[in-house]
Amino acid sequence: MKMSRLFVQTLREFPSDAEVISHKLLVRAGYIRKLTMGVYNYLPLMWRVIRKVENIIREEMDRAGAQELLMPFVQPKELWEESGRWGAYGGELMRLKDRHGREMCLGPTHEEIITAIARDGLKSYKQLPVNLYQIQSKFRDERRPRFGLLRGREFIMKDAYSFGTSQEELEKEYKNMWEAYTRIFKRCGLDTKAVQSDSGAIGGSVSHEFMVITDQDSGENDVFYCECDYAANSNHAESKLPDAKITGDWQEPQIIDTPNTHSIDELTEFLNIPATVIVKTLVYIVDKAPVLALIRADRTVEETKLMNAVGGTDIRIATAGEIEEMMAVNGFDSEKGFIGPQGLKEYNGFKIKVVADETVKDMKNFVIGINKKDVHLVGANWGVDVDLPETVTDIRLAEAGDFCPVCGKPLKVTRGIEVGNIFQLGTKYSKPMNAVYLDQNGKTQPYIMGCYGIGVTRTAAAAVEAHHDDHGIIWPLAIAPYHAVVIPVSTKDELQMKVANDIYQTLLKHGVEAVIDDRDERAGVKFKDADLIGFPYRITVGKTIADGLVEFKARNSEELSNIKPENACEIVVTAVNNLK
RNA sequence: CGGGAUGUAGCGCAGCUUGGUAGCGCACUUCGCUUGGGACGAAGGGGUCGCACGUUCGAAUCGUGUCAUCCCGACCA
């Protein structure tokens, strides 16, 4: 490709609306342009990158025995009602009506469609297991898209779905996909870590996320990990706590005045005690039902864990108004800061559930609210002064410095970008959608399903997050839009142009995707653009051609070398051939 | 969905306080000059100042409303 013909407009300045580096660089280097909120045009350079990522995925998925198909982007409401997700999926589901008034949605994911395809075609255990995948655009009407391609509303995703007859078969395919994913991301030049995670709205039990660990702050997920193999998303990470003082100094229970202590900080200061002897009570609304969460006051509730503990799908903290109302209908006059679990029966037509974090179980002589304004109960004990809730489980957010649940060493935390996930779905979709096959005994059984996603566009953006410098993008060779750029310093110098053209033609002949910068620009402009766009190799033909030498530089190295043109070609050709 | 900010040329911005026929840098076109890290000079093209209504002789500027975008939070691949 001639640079003079290449459809790319580099900008001298960063776009003002971009926050993270991948967004800034992809816009500035001419890869993407925003069409509307969270929706981007993939310009020619970007599309080449995307296709490379897709092809790596295709090769590895096919190698792993999966089969590609393509499902529609627009989906009918009926299938979503079968799975129960028309109601359960929130505002992210982009709903629309056709001219006949039929309700449809833009596919945010394709479990419903694939399950319908499977139940039409897979009638016998003899046909199983099967793994089907597609690479396609998805649309999720995010409340707040951001970070450019890392979190758009429309994005390209590879989604695969496996159908089998047993948990064992599912686990085998799960491992198969795990290995395929490991190969895919490695080939894309990304270091990933597989972490345990919550399975969220998609449902199911076991799931892992593949995270790109970057030094950037742009990762959206906190990942807790240990020097042993343990790694988990913050919404799933377990931890053992360091020793702490969990027994208060009071000998007997007593109610004491604690005026205006609306926060734990105010309470610890007022009583001059550590937060570790206080039981904190938080009010949440899970699917409209009130839930009290009890936790040691120095710790934070992990909302996803709490939501899962009561089997909900949506969670938020209660408003001050709701809390007051809840107090009133249960006969208390209290407010935030003085809440306790005792005596709260029902609210809004729901029985009030109480969930305690494990941290509170062994506490003694502790401080707790009793739903009375400006006082707290101190020296309280479970079973004597306050009932220990029936549900005692892990609902806390892990913290760096907590200990690994597997090996006991201190956990570390880092930011990660989720580029892939794998779920063991089980029968979550096959059962409600009556997607069944006949087993050896002629009995109908629901498929045991798994699903496996990779964010294609996000992977490309994550590669930029992981590989860039002050001058621009440093693409891994395997997903770079072009492998090399040939730069004649002066297009008016006949010898330089001739040699540059020869090099360019040689590269093309050997299967290298090359660009020749034939623009009548100053050298500085060409170098700046080459660095910004991120061509992995650069061959510059300048004055040294008089001595038969060209300058060779790899984008990921500072090293410059003056070598013969044929040697420069050979290095690039060899590197490109090694990709295969 | 809560809080904050911003909408003026493809990109980055000034002008608004104090209303008077819209400007700068980059990019783009032409000519000259220059040619190893985003040169220089000259001459050009390009904008219903987000939109609507209002105030006014006159609105980018003042008022009301509305839409959009961005940031923080909550939520999520």
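The figures here come from the full heavy-atom set of this structure, side chains too, leaving out hydrogens, waters and symmetry mates. Just so we're on the same page: letters track the sequence lines, and every chain starts at 1.
Residue A:Phe155 is in base contact, counting any heavy-atom pair closer than 4.0 Å across all strands shown. A:Asp493 comes within 4.0 angstrom of no nucleic acid atom, judged by non-hydrogen atoms across all strands. Counting any heavy atom pair closer than 4.0 Å across all strands shown, A:Glu303 reaches sugar-phosphate atoms only and no base atom. Using a 4.0 Å heavy-atom distance criterion, A:Thr491 is classed as making no nucleic acid contact. When heavy atoms are screened at a 4.0 angstrom cut-off, A:Gly38 is found touching no nucleic acid atom at all. As judged by a 4.0 angstrom heavy-atom cut-off over every strand, A:Met37 is placed among residues touching the sugar-phosphate backbone only. Nucleic acid contact class of A:Glu13 (heavy atoms, under 4.0 Å, all strands): base.
To the nearest angstrom, C1' of B:rG10 lies 8 Å from CG of A:Leu11. Computed from coordinates, the A:Lys138 NZ to B:rC76 C1' distance equals 16 Å when rounded to whole Å. When the P atom of B:rG36 is taken as reference, atom CG of A:Asn562 falls 15 Å away, rounded to whole Å. Note: CG (A:Asp520) to C1' (B:rC28) measures 16 Å, nearest angstrom. Atom-to-atom, CG of A:Leu532 to C1' of B:rA27 comes out at 14 Å; the value is rounded to the nearest Å. Regarding A:Arg316, its CZ atom lies at a distance of 14 Å from the P atom of B:rC76, rounded to whole Å. With rounding to whole Å, A:Asp529 atom CG is found 18 Å from B:rC11 atom P. Rounded to an integer number of Å, the gap from CG of A:Asp517 to C1' of B:rG37 is 13 Å.
For B:rU35 and B:rU21, the C1' atoms lie 44 Å apart once the distance is rounded to whole Å. Between B:rU64 and B:rU17, the two P atoms lie 15 Å apart (nearest whole Å). Across B:rG15 and B:rA27, the matching P atoms stand 24 Å from one another, rounded to whole Å. Of the C1' atoms belonging to B:rC57 and B:rC40, the separation is 48 Å, rounded to the nearest Å. One C1' atom belongs to B:rC67, the other to B:rC51, and the distance between them is 7 Å to the nearest Å. Across the C1' atoms, B:rG23 and B:rA39 are found 25 Å apart, a figure rounded to whole Å. Rounded to a whole angstrom, the distance from the P atom of B:rU66 to that of B:rU29 is 44 Å. On the P atoms, B:rA22 is 15 Å away from B:rC16, given to the nearest whole Å.
Although no hydrogens or angles enter the test, the distance criterion places a donor-acceptor pair under 3.5 Å between the side chain of A:Lys526 and the main chain of A:Asp517.
The side chain of A:Val489 lies closest to B:rG36 when the candidates are B:rC76, B:rC70, B:rG36. Here the side chain of A:Arg33 is nearest to one of B:rC75, B:rG10, B:rG38, namely B:rG10. When each of B:rG12, B:rG73, B:rG37 is scored by its nearest atom to the side-chain atoms of A:Arg146, the top-ranked nucleotide is B:rG73. Checking B:rG37, B:rU69, B:rU35 against the side-chain heavy atoms of A:Thr36 singles out B:rU69 as nearest. Of all nucleotides listed (B:rG37, B:rG38, B:rA74), B:rG37 comes nearest to the side chain of A:His471. Counting only heavy atoms from C-beta on, A:Arg12 has its side chain closest to B:rC26 among B:rC26, B:rG36, B:rA74. Distances from the side chain of A:Val525 to the nucleotides B:rG36, B:rU35, B:rA39 place B:rA39 closest. Which of B:rG36, B:rU69, B:rG73 sits closest to the side chain of A:Glu551 comes down to B:rG36. The A:Arg522 side chain lies nearest to B:rA39 when the options are B:rC70, B:rG36, B:rA39.
Using a 4.5 Å heavy-atom cutoff, the side chains of A:Thr304 and A:His236 are not in contact.
In terms of phosphate contacts, A:Lys526 brings no side-chain nitrogen or oxygen within less than 4.0 Å of OP1 or OP2 of B:rU35. Considering only side-chain N and O atoms, A:Arg144 lies under 4.0 angstrom from the phosphate OP1 or OP2 of B:rC72.
With hydrogens and angles left out, the side chain of A:Lys492 and the base of B:rU35 share a donor-acceptor pair within 3.5 Å. If you check distances only, the side chain of A:Arg538 does reach the base of B:rG37 with a donor-acceptor pair under 3.5 Å.
The pairing partner recorded for B:rG44 is B:rC28, the criterion being a Watson-Crick or G-U wobble arrangement whose two distances lie under 3.5 angstrom.
Where A:Glu92 and A:Lys553 each meet RNA chain B at their nearest nucleotide, the meeting point lying more 5' is that of A:Lys553. Two residues, A:Gly455 and A:Thr10, neighbour RNA chain B, and the one matched to the more 5' nucleotide by heavy-atom proximity is A:Thr10.
Judged by distance alone, the side chains of A:Ser490 and A:Gln496 never bring a donor and an acceptor atom under 3.5 Å apart.
Proximity of residues 540-548 of chain A to RNA chain B (heavy atom under 4.0 angstrom from any strand atom) is restricted to A:Thr540, A:Gly542, A:Lys543.
For the side-chain hydrogen bond (donor to acceptor under 3.5 Å, both in side chains) condition, the pairs that include at least one residue of residues 24-33 of chain A, sequence neighbours left out, are A:Tyr31-A:Trp475.
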Subject >> Candidate pair A:Arg187 and A:Glu59, rule salt bridge (Lys or Arg N to Asp or Glu O under 4.0 Å), full reasoning >> reply: CA-CA 11 Å; A:Arg187 283 184 61 185; A:Glu59 284 176 24; 2.9 Å; yes
